[in-house]
Amino acid sequence: MEVSVTHEKPIGIFHRRYSTMTIGIMLVLTTSAFEGLAITTIAAKIAQDMQGIHLYGWIFSAFLLCQLVGTLVMGQQVDRRGVFNSILISFVIFVMGTIIAATSMNMYMLIGGRAFQGFGAGALITCVYVCVTLYYPETLRTQILAAFSMSFVLPSLIGPYFAGLLASYLSWRFVFWIVIPLIVLALLLTYRSFRDLQRTQHIIEEARAVDSRTGQAILLAIGTGLLLTGLGMITSWQGIALSISGFIIMIPFMHKLLPQGTFLVQSGLPATLVTRGLYVSCYFATESFVILGLTEMKGLSAETAGLLVAAGSLSWSGAAWLQARLDVRDQGDGRKQRVMYGIGIMIIGVMLVILALFLTDIGIVLILLSQVIIGFGVGLANPTTAVIALQYAELGQEGKMSSNLQFVDSFYVAVSIGVSGSLVALAKTTGWGISTGILMVLTLQLLLVILSFFSSLRITAQTSQTDHPAGQKIDTLPM
């Protein structure tokens with residue numbers, strides 16, 4: 001007797017069961033990416049209009065440090081209050097910060113708005129990572145994380161140019177106003193899916209732990225702010241005192257907020273998070289200071305420099321798509337190797353950046369090539385380390401694991417960019433010149449990505465503890 005065997009076609013993240021959630025959370029990330037790239041373009045004009053050049057760095061630092069706090073706080077709240085309630089709170093805080101920034105009358109009000117925006121953005125992205133863990137089976141997680149990278153393509157291509165047009169012909173305030181309808185649309189698309197997901201989520205009550213981590217996150221942000229402020233004026237005794245004070249405050253709270261064994265780069269989750277933090281901070285700091293180098297050293301316009309760097313975003317998305325296909329093919333067995341290959345490719349890219357800016361006459365061609373290489377490397381590694389880390393999430397602790405991922409993405413980048421800015425400021429103060437400062441910055445980033453490679457040797461993966469429980473819960477969601 002012959003038995004007929006039918007093979008169901010594998011479903012993807014745009015299957016009717018997942019499409020609304022997928023489009024909604026991609027819109028959240030696209031909006032966040034556009035806002036971030038746009039602000040980078042118009043920050044100088046904002047500071048000039050408000051006569052606050054001396055506070056220029058805090059347009060970014062306030063956002064990043066409060067993003068760190070929002071990430072850690074919401075990582076606890078989402079496990080305690082549920083994903084639906086948590087994302088509503090996150091949306092409200094982000095929109096409130098956007099309105100404050102758009103209507104700000106001085107730099108201090110603008111920085112306050114950026115702080116609220118940062119908190120809301122960190123909280124929103126934490127909720128998004130929780131959705132990946134709870135809503136999608138593991139077989140689709142690399143696909144949705146690859147789609148996250150695609151969310152940065154359009155903002156990378158048109159964000160800086162469009163923001164420049166708005167600032168030149170209308171007002172920089174419109175860059176903030178345009179974000180609000182986009183984020184509201186994302187909420188409307190995901191409203192029902194988040195509400196249904198909350199009904200299936202395993203909620204825990206740990207009020208004391210929540211209060212403890214909230215205070216620790218705030219103190220960590222304060223310590224980091226003191227350190228970065230002090231480094232900006234390190235040639236004075238006040239700068240030295242602030243730097244030492246900030247460092248002393250930071251270290252114990254980093255130890256408390258990161259998983260045990262992170263400082264020692266123990267194998268498993270600690271090594272995964274350290275690896276991710278180092279190469280992500282290298283990527284974003286390199287991109288930021290490549291633009292400065294191209295405009296100050298090569299004499300390029302900001303628009304041209306931005307287009308060159310945008311090539312990295314495109315190759316990032318391509319590599320993210322490739323790693324998702326490879327992950328399906330080998331069923332996740334090659335994840336560690338893909339992380340190592342990605343970081344190795346990034347090392348080559350950073351070296352090419354240094355050569356292009358300092359040692360060749362064909363620097364523009366090499367810059368374009370280096371951006372493609374760096375972007376491809378980070379696109380290969382980044383979704384993969386996220387999937388590996390999410391495998392360690394225990395039932396009811398998905399938010400905490402998501403906050404750990406966002407912690408390394410925001411904290412490491414904030415410190416790396418802050419220290420890099422201090423190196424450039426030091427070079428200018430001492431008369432070494434901006435080119436020497438940029439060389440020191442890129443050398444630092446090369447060191448960070450090399451350390452990331454060695455850390456990746458200690459990455460290990462385990463079977464996801466949330467696959468079966470989450471999979472059973474998802475079966476109860478409407479199709």
Peer 1: From F454 CZ over to T275 OG1, what is the distance, rounded to the nearest 0.5 angstrom?
Peer 2: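 Taking CZ in F454 and OG1 in T275, the distance rounds to 12.0 Å.
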Peer 1: Taking all atoms of both residues into account, what is the closest heavy-atom pair of A102 and R173, and its distance?
Peer 2: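 In this case the closest contact between A102 and R173 is O-NH1, 2.8 Å.
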Peer 1: More than 12 foreign heavy atoms under 6.0 Å from CZ of F253: is that the case here?
Peer 2: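 Yes, because the 6.0 Å sphere around CZ of F253 holds more than 12 heavy atoms from other groups.
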Peer 1: Between the side chain of R335 and the main-chain N/O of T385, is any donor-acceptor distance below 3.5 Å?
Peer 2: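 No; zero donor-acceptor contacts below 3.5 Å.
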Peer 1: Q323 and T384: side-chain donor and acceptor closer than 3.5 Å?
Peer 2: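 Short answer, yes.
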Peer 1: Could you give the distance from CG (L447) to CG (L451), rounded to the nearest 0.5 Å?
Peer 2: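 It is 4.5 Å, given to the nearest 0.5 Å.
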Peer 1: When you look at L124 and I87, which way does the side-chain contact (heavy atoms from CB on, under 4.5 Å) test go after all the steps?
Peer 2: CA-CA 6 Å; L124 277 173; I87 203 163; 3.8 Å; yes
Peer 1: Restricting to non-hydrogen atoms, name the atom on V449 and the atom on I343 that form the minimum distance, rounded to 0.1 Å.
Peer 2: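 Heavy atoms only, the tightest pair is O-CG2, 3.5 Å.
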Peer 1: S455 and V274: which non-hydrogen atoms are nearest, and at how many Å?
Peer 2: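 That would be OG-CG1, 3.7 Å.
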Peer 1: SG/C282 to OH/Y412 distance, rounded to the nearest 0.5 angstrom?
Peer 2: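 Rounded to the nearest 0.5 Å, the SG-OH separation comes out at 14.0 Å.
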Peer 1: Might you point out which heavy atoms bring W172 and S104 nearest each other, and give the distance in Å?
Peer 2: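 That closest heavy-atom pairing would be CH2-OG, 3.8 Å.
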Peer 1: Find the distance between CG (L278) and CG (L448) and round it off to the nearest 0.5 Å.
Peer 2: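 Answer rounded to 0.5 Å: 6.0 Å.
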Peer 1: Hey, could you give me the CZ/OG1 distance between R114 and T98, rounded to the nearest 0.5 Å?
Peer 2: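 Spacing of CZ (R114) from OG1 (T98) equals 9.0 Å.
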Peer 1: For F116, does the CZ atom sit with more than 12 other heavy atoms under 6.0 Å from it, leaving out its own atoms?
Peer 2: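 Atom CZ in F116 is not crowded, with 12 or fewer foreign heavy atoms closer than 6.0 Å.
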Peer 1: From R338 CZ over to N382 CG, what is the distance, rounded to the nearest 0.5 angstrom?
Peer 2: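 The CZ atom of R338 sits 14.0 Å away from the CG atom of N382.
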Peer 1: Which heavy atom of G342 sits nearest to which heavy atom of L380, and what is that distance?
Peer 2: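 Here G342 and L380 meet closest at N-CD2, 3.8 Å.
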Peer 1: Are side-chain N/O atoms of Y279 and S456 paired as donor and acceptor at under 3.5 Å?
Peer 2: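 The criterion, which ignores hydrogens and geometry beyond distance, is not satisfied for S456 and Y279.
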Peer 1: Between M250 and F411, what is the shortest heavy-atom contact and its length?
Peer 2: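 In this case the closest contact between M250 and F411 is CE-CZ, 3.5 Å.
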Peer 1: Tell me, yes or no, whether the heavy-atom count around M96 atom CE, taken from other residues, nucleotides or ligands under 6.0 Å, exceeds 12.
Peer 2: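 Atom CE in M96 is packed in, count exceeds 12.
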Peer 1: List the atom pairs, with distances to 0.1 Å, where a side-chain N or O of residues 365-379 and a protein N or O form a donor-acceptor pair under 3.5 Å, not counting sequence neighbours.
Peer 2:
| from | atom 1 | to | atom 2 | distance (Å) |
| --- | --- | --- | --- | --- |
| S370 | OG | L366 | O | 3.3 |
| S370 | OG | I367 | O | 2.7 |

Peer 1: Given the rule in the side-chain contact (heavy atoms from CB on, under 4.5 Å) test, do V280 and V408 qualify, once you have shown the distances and angles that lead to the verdict?
Peer 2: CA-CA 8 Å; V280 166; V408 298; over 6 Å; no
Peer 1: Evaluate side-chain contact (heavy atoms from CB on, under 4.5 Å) for S435 paired with F358, printing each intermediate quantity in order.
Peer 2: CA-CA 8 Å; S435 60; F358 295 96; 4.2 Å; yes
